[in-house]
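Remember, it's 1-based here, ligands and their atoms both numbered in the order they're listed. Numbers here simply count residues along the sequence, with the first being 1.
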Amino acid sequence: MNYTSYFRPGIDAMEGYTPGEQPKTMDIIKLNTNESPFPPAPGVKQALLDFETVRLRRYPDPVSSVLREEIAAMNGYGPENIITGNGSDDLLTILTRCFTDEHRAMACFDPSYSLYPTLANLQGAPCIRIPLTDDFDIPDDVLEQAAGANLFFIARPNAPTGNLFAKAKMERICAGFKGIVVIDEAYADFSRDNCMELVKKYANVVITRTFSKSRSLAGLRFAFAVAHPKIIEGMMKMKDSYNVSMLTQVLALASLRDPGYFEKCVNEIKANREVLAEGLRKLSFEILPSETNFLFVRPPKNAKKYFEDLKLKNIVVRYFPMARTCNYVRITVGSAAENAALLKATEEILSC
Ligand SMILES: *Cc1c(COP(=O)(O)O)cnc(C)c1O
């Protein structure tokens with residue numbers, strides 16, 4: 001049968017976003033998508049066991065009222081400052097649809113989270129890609145380069161590089177950029193500080209946080225954004241009515257209510273991160289400073305080959321073939337045992 005495309009031309013022309021692979025077998029050491037090596041909080045399991053399935057007859061609360069109350073209180077805001085999403089990717093999509101079109105560009109750094117330009121493409125909006133400096137920092141003329149864009153996505157800490165841009169630079173962008181600044185804080189729980197209080201100072205700032213990384217709930221799909229009530233109000237119009245399922249709301253709440261477990265996991269990952277960095281440094285890797293649950297490292301041999309050699313040993317990390325990133329691999333900080341296995345495999349690879 002003949003097929004003629006009915007898609008908008010921009011959709012046919014673009015590449016889709018490629019998520020990190022999810023291997024089918026369990027015997028693989030998976031350090032490629034920055035998931036947590038730990039299970040979710042025990043309270044999450046209990047909430048799942050206690051959940052009465054008859055409740056699923058009904059639609060969920062469309063605006064996650066209880067979660068928004070608790071998230072607001074924990075962060076020093078009101079529920080009118082909070083919107084919840086089906087993971088932060090959902091919130092980033094809502095933001096792109098709210099603030100960009102063919103005449104309103106998006107800005108983002110290069111390298112950064114590769115979903116941002118994909119979202120601009122899907123929306124048919126131009127994307128201004130601003131190169132980071134050689135040491136992956138914000139260039140001094142960032143405001144000039146971003147001028148004309150209406151939405152600026154900044155991952156802080158950045159991915160895949162792992163570094164934390166200085167807060168003063170962030171504040172200068174928030175004050176000077178004539179559009180919405182989204183600070184994607186997917187990894188902020190692993191870093192020394194965050195930008196949450198900037199929402200109090202600047203009406204154009206949106207902070208996003210996810211439960212996928214630090215709360216071991218990537219499979220659940222839950223995230224929230226914090227912003228001025230007017231921005232939240234507009235985003236509420238744009239979102240799918242029931243974008244956060246009832247089960248997700250119940251389990252995300254259970255995770256929030258177990259802060260002790262969460263802190264223990266985050267501290268252990270930060271400690272493991274330093275051990276892993278030291279181990280790789282001893283094997284002559286260049287280690288970029290990381291304030292996340294992953295390391296962005298330059299192997300002493302060809303990075304692509306190292307990535308492939310690890311895969312043959314059933315260890316999956318992430319390789320980004322683009323010009324700025326092709327000499328590095330990104331390694332998620334795993335459990336102590338996983339990190340030890342990675343170091344052992346690396347030693348074997350380098351010795352032959
Ligand atoms: C992992 C990641 C996300 C996606 O998080 P989800 O909540 O799982 O959709 C968003 N931004 C950055 C920078 C990430 O690394």
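When hydrogens are left out, the protein atom nearest atom 9 (O) of ligand 1 is R221 NH2, 2.7 Å; that is the closest non-hydrogen contact. Ranking the protein heavy atoms by distance from atom 4 (C) of ligand 1 puts D89 OD1, 3.3 Å first. Of the protein's heavy atoms, K213 NZ, 1.4 Å lies nearest to atom 1 (C) of ligand 1. For atom 15 (O) of ligand 1, the nearest protein heavy atom (residue, atom name, distance) is Y187 OH, 2.6 Å. Among all protein heavy atoms, the one lying closest to atom 5 (O) of ligand 1 is S88 OG, 3.0 Å.
Geometric assessment of R330 against the ring of F294 yields a positive cation-pi assignment under the 6.0 Å and 45° thresholds. Both tests pass for R298 against the ring of Y328: distance under 6.0 Å to the centre and angle within 45° of the axis.
Panel note: side chain E291, backbone R192; a donor-acceptor pair is recorded below 3.5 Å.
Residue S212 touches ligand 1 through its side chain alone, judged by heavy-atom distances below 4.0 Å. Neither the backbone nor the side chain of F211 has a heavy atom within less than 4.0 Å of ligand 1. Only the side chain of D184 comes within 4.0 Å of ligand 1, judged by heavy-atom distances.
Contact of the P321 side chain with the K304 side chain is not registered, since no non-hydrogen atoms from C-beta on lie closer than 4.5 Å.
Ring-plane geometry between F222 and F224 is classed as tilted, the angle between the planes lying from 30 to 60 degrees on a 0 to 90 degree scale.
Linking ILVMFWY residues whenever their side-chain heavy atoms come closer than 4.5 Å, directly or via other members, leaves V206 and F165 in distinct clusters.
An N or O contact shorter than 3.5 Å is missing between Y116 and ligand 1 by distance. Annotation: T210 places an N or O atom under 3.5 Å from an N or O atom of ligand 1; distance criterion only.
Expressed to the nearest 0.5 Å, how far CG of N34 lies from CG of N293 amounts to 5.0 Å.
In the vicinity of G87, heavy-atom distances shorter than 4.0 Å reach the ligand 1 atoms 7 (O), 9 (O).
Taking the six-membered ring for Trp and the full ring otherwise, F152 and Y116 have centroids separated by 6.0 Å or more.
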